[in-house]
**Q** 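To start, I am sharing the structure in question, which I have written as C-alpha cells.
Because only heavy atoms are used, hydrogens play no part in the values below, and waters and symmetry mates are left out as well, while side chains stay in. Note that the coordinates shown come from a computational prediction; the quantities given were computed from them, not determined experimentally. Letters A, B, ... mirror the listed sequences (proteins, then strands); counts begin at 1.
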2 protein chains.
Amino acid sequence: MNPNSPQTVSVTVADVARKAGVSKATAARVLGGYGTVSDRVRDAVTAAARALDYRPNELARSMTTGRSGTIGVVVGDIENPFFSLAMRGITDVARQAGFTVILINSGEDVSAEKAAIRTLIAKRVDGLIVSPAKETDVEHLREVVGSGRPLALLDRGINAFEVDTVIADDRQAAEGVTRQLIALGHRHIAYLTACDTPDHLFRTPGDINTGSVRRRIEGFLSTCREAGLGPVERWIHMGAVIPEQTRQIAERLLEGKDRPTAIIASDSVIGLEVFKTSRAIGLAIPDDLSLISFHDADWTAVTSPPVTVVRQPVYQLGEMAARLLVERLNGFAGPGREVVLQTEFVERASISSAPTLP
Amino acid sequence: MNPNSPQTVSVTVADVARKAGVSKATAARVLGGYGTVSDRVRDAVTAAARALDYRPNELARSMTTGRSGTIGVVVGDIENPFFSLAMRGITDVARQAGFTVILINSGEDVSAEKAAIRTLIAKRVDGLIVSPAKETDVEHLREVVGSGRPLALLDRGINAFEVDTVIADDRQAAEGVTRQLIALGHRHIAYLTACDTPDHLFRTPGDINTGSVRRRIEGFLSTCREAGLGPVERWIHMGAVIPEQTRQIAERLLEGKDRPTAIIASDSVIGLEVFKTSRAIGLAIPDDLSLISFHDADWTAVTSPPVTVVRQPVYQLGEMAARLLVERLNGFAGPGREVVLQTEFVERASISSAPTLP
DNA sequence: TTGAAAGCGATACCAG
DNA sequence: CTGGTATCGCTTTCAA
C-alpha cells in the first residue's frame, strides 16, 4: 500500500506482526518498548512498522495499563491572563513529564465544575489540577481523591481535606499594601473584588468563597483594625465581575460624599476599570486617589501614571501545581502539601499621601 | 460497600448488571443510553448503578465506537492573549457540541508541532485545530487529513491543500492603516513583526512563514508601492520575538538618522514595547511618532495617548474554527472552506500628520 | 527470547 | 425486549 494514500483503517500491532513474521506479543514488545527481544527481531518489526506507517493507539494502551497519560485541568476562564499564564506553567511541566493536558473552563460556576470533573474522570485522566470556584462546595473534589486520583489545587485551597495546594502569600501581600496606604495617611480605603454574596453585602471573610481573595481580605481587615480604622467591613465592595459592574461600583464610590482616598483592586481587570473610571470622573491618580492593583498585568507599566501592583508568580503557581501532581503520579504518597509562593510589591506611581478631604 | 469509601477498583457494567440481575448487554444499553429496554429493567439498572456509584469508562467506549469525543488543539503559546482568547472560543463551542479539548503548545516550533500532532493522533482525537508555525513545512498536516481526521486551521492558512481555514482580513486591514498613514503625510513607515529569517533580512513576503503576518505585509507593501514610496522592503523589521529584542529594534530605528515617522506593530506585545521605547527616548506620540498596533489588547485604551489599533475578532476566530470542525465531525463532507472574518479599525489618538523632519 | 491466550470495559450484532 | 458473544488494540502473565 502506498504510504501516502489516505489510511482509512488504522494498522495495528497484529498487522505489523504479520508483516514481520513474528507473533503479536513480540511485535507489541518492540513497539511498546517493553520486555526483551533479539536485535534481529527488533529490526524486522521496526522495519515493518515503518513500512506500514504504524501509529500506536494510546486508547488501547490506556485500557490495559490503566494510565491514560493525561491530566485534567479545570480553571475559571482560560481567557483570563492569570489562568492562561498559569496554564502555560502547567503544560510546560506536563509535557516534560510525558503527560498531555485536557483543559475545561468552569466559568467559575460550581455546577459546571462538577460536570467538568465527571467528564475528566470518565476520560480516566491520571490526575487533576483544579482552581475551585467555591471553597464551601467541594464534595466533587472529595470524590476525586476518593477515586484514587491525585488532585492539586491551584490558587485556592480547601483546608477541609488533604490535597496538594499551591497558593501565593495573598494575606501578607494584602497586609503590606494596606499598611503602606495607612502609613501614607489614608483613613478610608476601599477593596474591590469580583467575589459576591447573594445580597452583595460583605459581612465576614467567611462569605468569600475564593480562597485567594478571602486571604487578602482577611489581611486587609486585620491591618485596618490594628490601625483602629473605621467601619472596615463596609469598605469591601463585591460583585465586580465584569467591567461594566466594576465601573458602576467605582462611580458610586468615587462620586459619593464619603469617598475613599485609596482603592485596592483584587485583580488587574478591576484595576484597569477603576483606572478608566477615575479618569472619566476627573479624579487624578495619585493626587486625588491612590490605586493599588493585584496582578502585574502588562498594561500597568505604561499608563500615566504607571500603577503600583502586587506581582504574583503566576507561571510558577501553575508550574508548581503540575510538579506536585507529577510527583504523586510517579508514586509519591506523603500527606497533602501546601506551597506558598512569594508575591512582590512593585512600587510605581499610583499611590501617594492621602489628600486632605473637605 | 460504603459509597463514600475510597473506590480503588472501578465498577463496570458487569458489576451493575450482576447487582441488577440482568445481562451485561442489557445493563450496557441503559447505561450507554442506546437500544431499548423495559422501564422496569431501566429502573433496576439505574438504581444499581447509583448504589455502586458507577462511572462510565470513556476510554473503553472510545475503543469500540472509534470516537474519542476529544479534539486536539495546537497553538503557538497559550500564554499569548491572542491564543488564550481564541482558545476560549474553541472550548465554548466544543463543550456545547459535547467534545472535550486537549491543548498542546508548539512554542511556534515546527518540530514540537509535529510531535504534538503525533501525540494527538495516538490519543485518537476526533479532529484537530492547528495554528501552524510554518506554512512551508506542512507534511505533518497533510498526514492528519490522510489519517481521515478533519483539520481546521486557525489564523494561518495553507493554500496547498484543502482544509477548513479561518483567518481575519489581515491584508485589507494592513492596506487600510497604511493608506491612512500615507494620507496623513507619512513617507517613511516601519513595520515590526516577530517573524524572522535566518539573516534577519526581509526580501519578499515569501520569507514570512506566518500566514496572517505575510498577508499584512503584502497589503502594507502594495499600498506603499502604489503611493510610490521609497525602499519599502527595508522598512520591514523582523525578529521582534521578545520584548528585549523589540526594544533594541525600536531604539535603533528611532535613534537612527533616517527614522520613520510612523510604526505599525504586528501584535500588541510589540506595540507595547514600541510605546515604552518611544517614551523612554523622549519621542512624543503622536506628534513625533505615529503608532498603530494590531490586536486590541486591553491596555491600548488606557495609555496616554490611547493607541489606535486594528481589532481582530479573536474569540470569533476560535469559535468559527471549532464550529467548522464540529460540522465535519457531524458528517459534513464538502470541500475545504475558507472563512475570512472582518477586522475593525479602532481610531484613538496615537496617529497624526507626519512631522516635518529636519 | 518467543508465542498463545486471557483480559481491560465498553459496544454491537445476532438470536431467541 | 433481552441475552450471548465477538470485537476494539494493546498489555501481560504463563509456558515453551
**Q** Quick one: does B:R67's side chain have a donor or acceptor within less than 3.5 Å of a partner on B:R61's backbone?
**A** no
**Q** Take the C1' atoms of the five end pairs on each side of the helix from C:dT1-D:dA16 to C:dG16-D:dC1, get both axes, and report the angle to 10 degrees.
**A** 40°
**Q** Sorted by first residue and then second, give each salt bridge (charged side-chain N to carboxylate O under 4.0 Å, His left out) pair with at least one member in residues 94-111 of chain B; sequence neighbours left out.
**A** B:E108-B:R156
**Q** Check side-chain contact (heavy atoms from CB on, under 4.5 Å) between A:T136 and all other residues, then give those that pass, not counting sequence neighbours.
**A**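 Only A:K134, A:N209 meet the side-chain contact (heavy atoms from CB on, under 4.5 Å) criterion with A:T136.
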**Q** At what distance, to the nearest 0.5 angstrom, does CD1 of A:I78 lie from CD1 of B:I78?
**A** 4.5 Å
**Q** Hey, what do you get for OG1 (A:T36) to CZ (A:R42), rounding to the nearest 0.5 Å?
**A**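 The OG1 atom of A:T36 sits 9.0 Å away from the CZ atom of A:R42.
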**Q** Between A:P150 and A:D164, is any pair of side-chain heavy atoms under 4.5 Å apart?
**A**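 Not touching, per the 4.5 Å side-chain cut-off.
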**Q** Looking across every strand, which nucleic acid part, if any, lies under 4.0 Å from B:T36 by heavy atom: base, sugar-phosphate, or nothing?
**A** base
**Q** Quick one, B:V16 with B:V45, criterion side-chain contact (heavy atoms from CB on, under 4.5 Å). Give me CA distance, side-chain angles, the key distance, then yes/no.
**A** CA-CA 7 Å; B:V16 176; B:V45 172; 3.9 Å; yes
**Q** Assign a letter to each nucleotide of nucleotides 8-16 of chain D from its 5' end: B, base within under 4.0 Å of a protein heavy atom; S, sugar-phosphate only; -, no contact.
**A** BBBBB----
**Q** Can you name the salt bridge (Lys or Arg N to Asp or Glu O under 4.0 Å) partners of A:K114, sequence neighbours left out?
**A** A:D137
**Q** Would you call B:D15 and B:K19 a salt bridge, taking side-chain N to carboxylate O under 4.0 Å as the test?
**A**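 Looking at B:D15 and B:K19, the cut-off is not met.
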**Q** First and last nucleotide of DNA chain C touching chain B, 5' to 3', heavy-atom cut-off 4.0 Å?
**A** C:dG9 to C:dC13
**Q** For the CZ atom of A:R29 and the OG atom of A:S23, what is their distance to the nearest 0.5 Å?
**A** 6.5 Å
**Q** Taking only side-chain N and O atoms of B:S23, does any of them lie within less than 4.0 angstrom of OP1 or OP2 on D:dT2?
**A**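 False: B:S23 side-chain N/O out of range (4.0 Å or more) of D:dT2 OP1/OP2.
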